[in-house]
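This one's a predicted model, so the numbers in the text were calculated from it and none came from an experiment.
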Protein chains: 2
Amino acid sequence: MSNREDQVKALANETRIEVLRLLDRPMEHFAHQESADPVETGVCVQMLAEHFGISQPTMSRHIELLKRAGFIRAQRKQKWTYCSRDETALADYANWLKSSLNIRTA
Amino acid sequence: MSNREDQVKALANETRIEVLRLLDRPMEHFAHQESADPVETGVCVQMLAEHFGISQPTMSRHIELLKRAGFIRAQRKQKWTYCSRDETALADYANWLKSSLNIRTA
DNA sequence: TAGTTATATAGCAATTTTGCTAATTGTCAA
DNA sequence: TTGACAATTAGCAAAATTGCTATATAACTA
C-alpha cells in the first residue's frame with residue numbers, strides 16, 4: 001500500500017483533485033486526443049497541462065505526485081505518457097480515511 | 001457547508017489528522033483532564049500541545065485551521081478552550097470526497 | 001493588586017509547495 | 001542525421017506552511 005502521507009498531500013491541491021475528476025470521465029474533455037483512446041489508454045500529460053492552462057513541466061510534477069500517492073498509473077507509449085486513475089488505490093484511500101478517523105457517514 | 005479547500009488543506013498534516021483521531025477517543029489519552037469531562041466538554045488546547053510535544057501557540061494554530069475547516073468545534077469555558085469533533089462536518093467531508101471524485105469503495 | 005494559567009496573536013526563520021524557464025532525454029518522421 | 005514533439009529533470013523565485021519565541025488578553029487565585 002502507498003504512503004498515507006503522500007496520499008493526503010496529493011489531495012491537498014485543487015489542480016490534482018481536478019485531474020482525478022477529469023480522468024474519471026476522460027471523454028468529456030479529451031475526446032479530441034487522437035494518439036490513443038482516452039478511456040482505454042489514458043490522457044497524455046500535455047493535454048492535461050493545456051486543460052488547466054499551466055506549463056507542461058508543472059503538470060508533469062503534479063502527475064508525479066499523484067503517481068507517488070498511487071492514485072494514477074502512467075504508461076509510456078511512443079512519445080506519450082498516458083495517465084489513468086487507479087481505482088483500487090482511490091477506494092483504498094477513501095476507506096482508510098474513513099476508518100482511520102472513525103468517520104460515521106450517513 | 002465549509003470551504004472544501006480549507007478542508008483538504010486541514011487534512012494535509014499528520015498532526016492535525018492525529019488530533020482528530022485523539023478527539024474521537026478522548027478518554028484514552030486525556031482522562032487526567034480535571035477541569036472538564038473530556039468526552040462531554042472536549043479537550044483543551046494545552047493538553048493537545050503537550051501530547052504532541054509542540055508549543056501551545058503552534059497547537060493553537062492547528063486548532064484554528066481545523067476550526068476553519070469545520071472539523072472541530074471549540075468552546076471557551078473559563079480559562080480553557082475545549083475542542084471536540086464535529087461529526088457532521090467530518091461525515092459530510094468524507095461523503096463529498098467520495099462522490100466528488102466518484103470513488104467506488106468496496 | 002500581583003502573580004499564575006490558558007489562550008491567542010504577532011513576528012520571525014526554516015521548510016515545503018508551486019509555478020516558471022531552460023536544458024536534457026526519448027521517440028518519431030523527413 | 002536533423003528537426004519536431006512529448007516528457008522529464010534541474011534550477012530558480014514566490015508563496016504557503018510549520019515551527020518557534022515574545023507578547024497580549026482573559027480568567028482565576030492568593
Qualifying residues under ring pair (Phe, Tyr, Trp, His ring centres under 6.0 Å), relative to His29(A), sequence neighbours excluded: His51(A)
Would you check if there is a donor-acceptor pair between the side chains of Lys98(A) and Thr105(A) at a distance under 3.5 Å? yes
Nucleotide N/O of nucleotides 18-24 of chain C paired with protein N/O under 3.5 Å:
| from | atom 1 | to | atom 2 | distance (Å) |
| --- | --- | --- | --- | --- |
| dT18(C) | OP1 | Asn13(A) | ND2 | 3.0 |
| dT18(C) | OP2 | Arg16(A) | NH1 | 3.0 |
| dT18(C) | OP2 | Arg16(A) | NH2 | 3.2 |
| dG19(C) | OP2 | His62(A) | NE2 | 2.3 |
| dG19(C) | N7 | Arg61(A) | NH2 | 2.3 |
| dG19(C) | O6 | Arg61(A) | NH2 | 3.2 |
| dC20(C) | OP2 | Ser55(A) | N | 3.0 |
| dC20(C) | OP2 | Ser55(A) | OG | 2.8 |
| dC20(C) | OP2 | Thr58(A) | OG1 | 2.7 |

CA sep, side-chain torsions, deciding dist, call: Leu97(B), Tyr93(A), side-chain contact (heavy atoms from CB on, under 4.5 Å): CA-CA 11 Å; Leu97(B) 188 72; Tyr93(A) 175 77; 3.9 Å; yes
Tell me, for nucleotides 25-30 of chain C in 5' to 3' order, what letter each nucleotide earns: B for a base near a protein heavy atom under 4.0 Å, S for only sugar-phosphate near one, - for neither? --BS--
Applying the 4.5 Å side-chain criterion to the ILVMFWY set and letting contacts propagate, would Val8(B) and Leu11(B) be lumped into a single cluster? yes
Does a side-chain N-to-carboxylate-O contact under 4.0 Å join Lys67(B) and Asp6(B)? no
Sequence neighbours left out, what passes salt bridge (charged side-chain N to carboxylate O under 4.0 Å, His left out) with Glu28(A)? Give chain and number order. Arg25(A)
Not counting sequence neighbours, which residues clear side chain to side chain contact (heavy atoms under 4.5 Å, CB included) with Thr81(B)? List them please. Val45(B), Ala74(B), Arg76(B)
Among residues 37-48 of chain B, which ones have heavy-atom contacts with DNA chain C below 4.0 Å? Cys44(B), Val45(B), Gln46(B)
So, is Ser60(B) near the phosphate of dT9(C), with a side-chain N or O under 4.0 Å from OP1 or OP2? no
Which residue pairs satisfy the salt bridge (charged side-chain N to carboxylate O under 4.0 Å, His left out) criterion with at least one member in residues 30-39 of chain A, sequence neighbours excluded? none
Report the hydrophobic cluster partners of Trp80(B), with the cluster defined as I, L, V, M, F, W, Y residues connected by side-chain heavy atoms closer than 4.5 angstrom, directly or transitively. Tyr82(B)
Would you mind listing every salt bridge (charged side-chain N to carboxylate O under 4.0 Å, His left out) that reaches into residues 40-60 of chain A, with sequence neighbours excluded? none
Contacts table for residues 14-21 of chain B: side-chain donor-acceptor under 3.5 angstrom, sequence neighbours left out:
| from | atom 1 | to | atom 2 | distance (Å) |
| --- | --- | --- | --- | --- |
| Glu14(B) | OE2 | Arg21(B) | NH1 | 3.4 |
| Arg16(B) | NE | Ala10(B) | O | 2.9 |
| Arg16(B) | NH1 | His62(B) | ND1 | 3.0 |
| Arg16(B) | NH2 | Lys9(B) | O | 3.1 |
| Glu18(B) | OE1 | Arg21(B) | NH1 | 2.6 |
| Arg21(B) | NE | Ser100(A) | O | 3.4 |
| Arg21(B) | NE | Ser100(A) | OG | 2.9 |
| Arg21(B) | NH2 | Ser100(A) | OG | 2.9 |

With sequence neighbours excluded, what pairs up with Asn102(A) under the side-chain hydrogen bond (donor to acceptor under 3.5 Å, both in side chains) test? Asp24(B)
Send over the distance from Glu64(B) CD to dA10(C) P, rounded to a whole Å. 12 Å
Minimum heavy-atom distance Val43(A)-Gln33(A), with the two atoms named: CA-OE1, 3.5 Å
5' to 3' contact window, DNA chain D with chain A (heavy-atom distance under 4.0 Å): dC5(D) to dT9(D)
